[in-house]
There are 2 protein chains.
Amino acid sequence: MRQSKANRKPSIADVAAAVGVSKTTISRYLHGKYDYMSAETKERIDATIEELGYRPNKMAQSLKASNSHLIGVTIANISNPFSSQLLKGMQAECRARGIQLLVSDVDDNPALERAAIESLLDSQVDGLIVNTAGDNDDYLTEFATKDGNPPMATLDRFIKPVVCDCITTDNAAGVDEMLDHLVAQRFDHVVFVTQPAAAITTRVTRVTAFRSYIAAHGAAAGAAGAADIAGAVDTATGAISGTISGEVLEYNDLAGLATGLERIMAEQAGRRVCLFSNNEDGMCDIFEAYPAALDGHIGLCAFATKRWARYSGRGITCLDQNPVRMGRTCAAKLAARIYDGDDSPYELLELPAELCVYASTTEV
Amino acid sequence: MRQSKANRKPSIADVAAAVGVSKTTISRYLHGKYDYMSAETKERIDATIEELGYRPNKMAQSLKASNSHLIGVTIANISNPFSSQLLKGMQAECRARGIQLLVSDVDDNPALERAAIESLLDSQVDGLIVNTAGDNDDYLTEFATKDGNPPMATLDRFIKPVVCDCITTDNAAGVDEMLDHLVAQRFDHVVFVTQPAAAITTRVTRVTAFRSYIAAHGAAAGAAGAADIAGAVDTATGAISGTISGEVLEYNDLAGLATGLERIMAEQAGRRVCLFSNNEDGMCDIFEAYPAALDGHIGLCAFATKRWARYSGRGITCLDQNPVRMGRTCAAKLAARIYDGDDSPYELLELPAELCVYASTTEV
DNA sequence: CTGTTAGCGCTTTCAC
DNA sequence: GTGAAAGCGCTAACAG
């Protein structure tokens with residue numbers, strides 16, 4: 001005998017019993033297969049479900065079906081506001097498609113990331129969105145290529161070779177656009193400031209783009225006092241000419257950052273310098289380590305969201321990645337693969353960043 | 001016959017067959033009941049599980065058990081960075097307890113909130129954390145009191161009467177502390193600026209606390225030029241004496257906000273005025289609607305996170321709610337109720353906010 | 001120490 | 001039009 005079904009939610013069997021038909025018929029009803037039943041039966045089922053407040057149990061459904069309508073998400077560090085924008089986008093897409101999101105924060109820890117992914121799999125997710133903490137490429141590549149595993153997409157990161165869908169910003173183009181802007185604003189020297197780049201593809205891409213831009217348009221770094229002719233826009237062609245020198249400053253902690261910035265500012269004394277931060281947190285680190293950055297004598301810009309950048313300090317020129325769109329695009333791509341039979345080749349999708357100019361680069 | 005078990009993940013039956021024992025024994029093994037089996041069997045199971053890469057299916061487990069180790073979360077608007085901090089806290093607690101989070105954004109929409117909750121229930125969550133979009137008290141109260149429903153806790157909001165655990169900030173104390181600070185800084189007039197308050201308990205609480213503070217310590221609002229003796233700290237008792245006038249400015253859109261602020265600033269000409277925003281977004285709205293707010297002639301403060309406030313404008317004095325702690329506290333309380341048999345009376349837990357003073361109230 | 005059995009809530013052949 | 005029955009993967013009496 002069933003254990004005191006007194007206070008438990010009604011199951012399909014209860015509905016069937018109440019209506020006086022079989023579970024099969026109820027199941028058919030739930031899936032809209034009304035052709036297979038009399039109008040009268042349909043009515044009665046309708047009424048009974050309403051009366052009992054019956055709702056189908058998704059877990060049981062998923063156990064039978066081979067899909068759960070669950071997508072697992074791992075986020076490198078969810079306390080980052082950027083992450084919440086990514087989630088916003090995923091949610092919008094998933095809500096529209098009746099998909100639920102199982103979200104795990106991995107605290108910037110690759111080992112936790114692996115554990116989180118395994119755990120998500122145990123929960124039978126139909127797919128995985130990974131905003132990787134980095135340092136996990138081997139694991140992720142193996143995961144993506146092993147069959148039996150559900151489709152995966154990486155977000156704001158990519159893995160090479162491309163063994164799954166990767167949604168990122170077009171970082172190289174963004175860096176170029178920002179540097180064009182800085183040249184036009186007649187800066188002499190630009191410093192790309194970033195946390196260690198090695199493990200995070202996004203950072204590597206930016207650093208690489210930065211270096212090649214400087215190599216192409218640049219003057220030698222540290223050439224303080226050199227007679228660079230910076231920032232002449234050729235109005236005929238619209239092309240930007242002029243030279244700018246630059247360097248990359250990687251830091252591990254605030255002390256290192258402070259030391260680095262002081263050295264650079266000393267070397268560049270008398271030149272117009274702009275600090276280009278890899279992200280919002282980096283910008284905050286700069287303020288913390290080198291408060292003079294806030295007083296308006298040096299230029300500032302960053303990869304950051306408009307919302308944050310616009311009212312930070314005097315307004316910080318930024319490259320907004322539109323993380324909401326990134327999240328939505330990623331979820332849409334993944335869902336298409338899982339549920340719509342999309343089997344196009346995996347691709348690396350690079351979405352453009354938007355350059356938003358504020359006082360920090362124009363009023364220096 | 002089983003449908004081509006070729007490429008499917010191994011089930012407990014596969015392990016049992018491979019080892020040559022019954023599923024029961026495997027199940028016991030999984031739950032650490034080693035007393036009920038020979039050391040040798042244990043070894044063999046161990047090896048086989050490893051070899052097959054077997055992992056128990058959580059859905060199937062949950063179907064049997066009456067718990068899913070899933071907690072459902074609805075967030076009023078996940079694009080708000082405050083939300084991501086809340087999530088960070090919940091995650092920390094849930095990761096430690098092996099709980100997964102099913103997260104739904106409800107886009108500030110009460111109807112979506114109800115739908116999200118129903119949907120979460122269908123997924124058999126063991127409990128619910130609701131950061132309500134507001135205007136849903138009847139539904140939530142009914143939900144919380146109807147038995148058969150899983151435990152619920154509200155986060156950064158409460159419902160009255162208290163029919164579930166409610167984790168919020170001690171908003172009244174925060175408002176008092178901020179106003180004491182403003183009095184000490186010799187402001188003459190303070191304006192509490194907020195989006196419409198009616199539906200959101202947090203806002204109502206703040207407005208109420210604000211009004212009663214002004215009523216107690218206040219001078220008449222609009223008394224421009226009155227000879228108030230503001231901000232004398234009584235060093236003997238540490239108590240703050242002095243008067244301050246104040247008013248509440250509710251706005252629906254930027255235009256309304258602009259009009260309101262212009263009126264007030266005109267009325268208060270010649271007095272030291274401070275704008276006290278209900279949250280970060282409100283502060284941004286102020287900047288947008290009334291750019292003069294940024295130029296240092298009026299005081300600014302807000303309920304906001306340190307991270308944001310510290311580097312916004314010249315640094316904005318804020319009441320930091322420590323959302324990470326709020327999220328963690330909430331998840332811990334809920335988990336205790338669900339899994340640890342905590343059946344203490346429901347409570348309204350008010351966590352203190354931290355006053356962080358920056359230039360916006362001291363250098364005016 | 002180990003297995004048999006029934007069943008969680010639902011879906012899906014196959015048969016009438 | 002409708003239903004009986006088997007089974008998804010796992011658990012838990014109960015019986016040895």
Side-chain angles (χ1 to χ4, degrees), chain A residues 1-5 7-45 49 52-70 121-124 126, chain B residues 1-45 49 52-70 121-124 126 148:
Chain A
M1 199 175 198
R2 271 195 181 161
Q3 79 251 54
S4 74
K5 59 180 342 191
N7 229 349
R8 225 178 40 275
K9 286 191 236 159
S11 79
I12 198 172
D14 300 318
V15 180
V19 181
V21 297
S22 75
K23 296 191 291 173
T24 312
T25 303
I26 308 298
S27 177
R28 287 204 263 256
Y29 172 92
L30 292 176
H31 295 276
K33 305 189 172 162
Y34 304 132
D35 306 353
Y36 296 94
M37 70 196 67
S38 67
E40 197 236 329
T41 307
K42 175 168 182 289
E43 290 287 287
R44 299 227 317 283
I45 296 179
I49 285 184
L52 265 46
Y54 168 72
R55 306 214 97 212
N57 178 328
K58 282 210 178 194
M59 295 221 125
Q61 291 186 160
S62 310
L63 189 56
K64 271 258 72 153
S66 47
N67 59 292
S68 59
H69 287 272
L70 239 42
L121 284 185
D122 293 346
S123 299
Q124 311 302 115
D126 290 341
Chain B
M1 198 176 198
R2 275 201 180 154
Q3 79 253 52
S4 74
K5 60 185 332 195
N7 229 352
R8 225 178 41 276
K9 286 189 237 161
S11 80
I12 198 172
D14 299 320
V15 180
V19 181
V21 296
S22 75
K23 295 192 292 174
T24 311
T25 303
I26 308 299
S27 176
R28 287 204 263 258
Y29 171 93
L30 293 176
H31 295 275
K33 306 192 170 159
Y34 305 133
D35 307 352
Y36 297 94
M37 69 195 67
S38 67
E40 196 236 331
T41 306
K42 176 169 182 291
E43 291 288 285
R44 297 228 316 284
I45 296 179
I49 285 185
L52 265 45
Y54 168 73
R55 306 214 97 213
N57 178 327
K58 282 213 178 192
M59 296 224 122
Q61 292 187 159
S62 310
L63 188 56
K64 266 259 83 146
S66 47
N67 59 290
S68 59
H69 287 272
L70 238 43
L121 285 186
D122 294 346
S123 300
Q124 311 302 113
D126 290 340

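Numbers restart at 1 for each chain; the letters A, B, ... are given by sequence-line order, proteins then strands. Only heavy atoms go into these numbers, but all of them, side chains included; no hydrogens, no water, no symmetry mates.
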D:dT2 phosphate, OP1 or OP2: any side-chain N/O from A:S38 under 4.0 angstrom? yes
Nearest-angstrom distance from the residue atom CD of B:Q124 to P of C:dC8: 14 Å
The criterion is side chain to side chain donor-acceptor pair (under 3.5 Å); which residues satisfy it with A:T24, sequence neighbours excluded? none
Nucleotide-resolved protein contact map, nucleotides 11-16 of chain C, B/S/- at heavy-atom distance under 4.0 Å: BB----
Whole-Å distance, B:L52 CG to D:dG9 P, equals 14 Å
Double-helix bend of the helix from C:dC1-D:dG16 to C:dC16-D:dG1, axes at both ends from 5 pairs, round to 10°, gives 40°
With sequence neighbours excluded, residues passing ring-ring contact (aromatic ring centres under 6.0 Å, His included) with B:Y34: B:Y29
Using whole Å, report how far OH of B:Y34 lies from C1' of C:dT2. 17 Å
Which residues pass the side chain to side chain donor-acceptor pair (under 3.5 Å) test with A:N57, sequence neighbours left out? none
How many angstroms lie between CG in A:L30 and OH in A:Y54, if you round to the nearest 0.5 Å? 5.0 Å
Spatial distance of atom CD1 (B:I45) from atom CD (B:E40) [nearest 0.5 Å]: 10.0 Å
Rounding to an integer number of Å, can you tell me how far A:E43 CD sits from D:dG1 P? 15 Å
Name all pairs fulfilling the salt bridge (charged side-chain N to carboxylate O under 4.0 Å, His left out) condition that reach into residues 17-39 of chain B, sequence neighbours left out, sorted by first residue then second. none
With sequence neighbours excluded, what pairs up with A:N67 under the side chain to side chain contact (heavy atoms under 4.5 Å, CB included) test? A:A65, A:H69, A:D126, A:Y339
Grab the NZ-P distance between A:K9 and C:dC8 for me, whole Å please. 16 Å
On DNA chain C, check which nucleotide each of B:L63 and B:Y36 is closest to and give me the residue with the more 5' one. B:Y36
Applying side chain to side chain donor-acceptor pair (under 3.5 Å), can you list everything that pairs with A:T41, at least two apart in sequence or on another chain? A:S38
Tell me the interatomic distance from B:Y29, atom OH, to D:dA12, atom P, rounded to whole angstroms. 18 Å
Starting at OG1 of B:T25, measure out to CZ of B:R44 and round the result to the nearest 0.5 Å. 10.5 Å
Scan B:T41 against the nucleic acid and name what it touches under 4.0 Å (heavy atoms): base, sugar-phosphate only, or nothing. sugar-phosphate
